[in-house]
Amino acid sequence: MPTTEDRPTPPSATDFRRLPEPIALADMVAEKDVRDAPDPDFGRDPNTEWMLKYA
């Protein structure tokens, strides 16, 4: 059973009175890939092809 020494202490209100220093936009790194995703139909229209094949 965990003792009181093992539990972390909750932050006090004094910990949130000052904001951290701002970070410059030049120092930020993108977390997600922002490139365009490839077209899953490779530029073809499957509905039109189906209509032409079975019409």
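All figures in this text were calculated on a predicted structure; none of them were measured in a lab. When reading the values below, keep in mind they use all heavy atoms of this one structure, side chains included, and skip hydrogens, waters and symmetry mates.
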message = Could you list the cluster mates of M28? Members are the ILVMFWY residues connected by side-chain heavy atoms closer than 4.5 Å, either directly or through other members.
response = I23, L25
message = Just to verify, what does R44 make a salt bridge (Lys or Arg N to Asp or Glu O under 4.0 Å) with, not counting sequence neighbours?
response = E49
query = Which residues pass the ring-ring contact (aromatic ring centres under 6.0 Å, His included) test with Y54, sequence neighbours left out?
reply = W50
inquiry  = Restricting to salt bridge (Lys or Arg N to Asp or Glu O under 4.0 Å), what partner residues turn up for E31, sequence neighbours left out?
reply    = none
ask   = How would you list, by chain and number, every residue that makes a side chain to side chain donor-acceptor pair (under 3.5 Å) with T48, sequence neighbours excluded?
value = D45
query = Tracing side-chain links under 4.5 Å among I, L, V, M, F, W and Y, which residues wind up in one group with L19?
reply = none
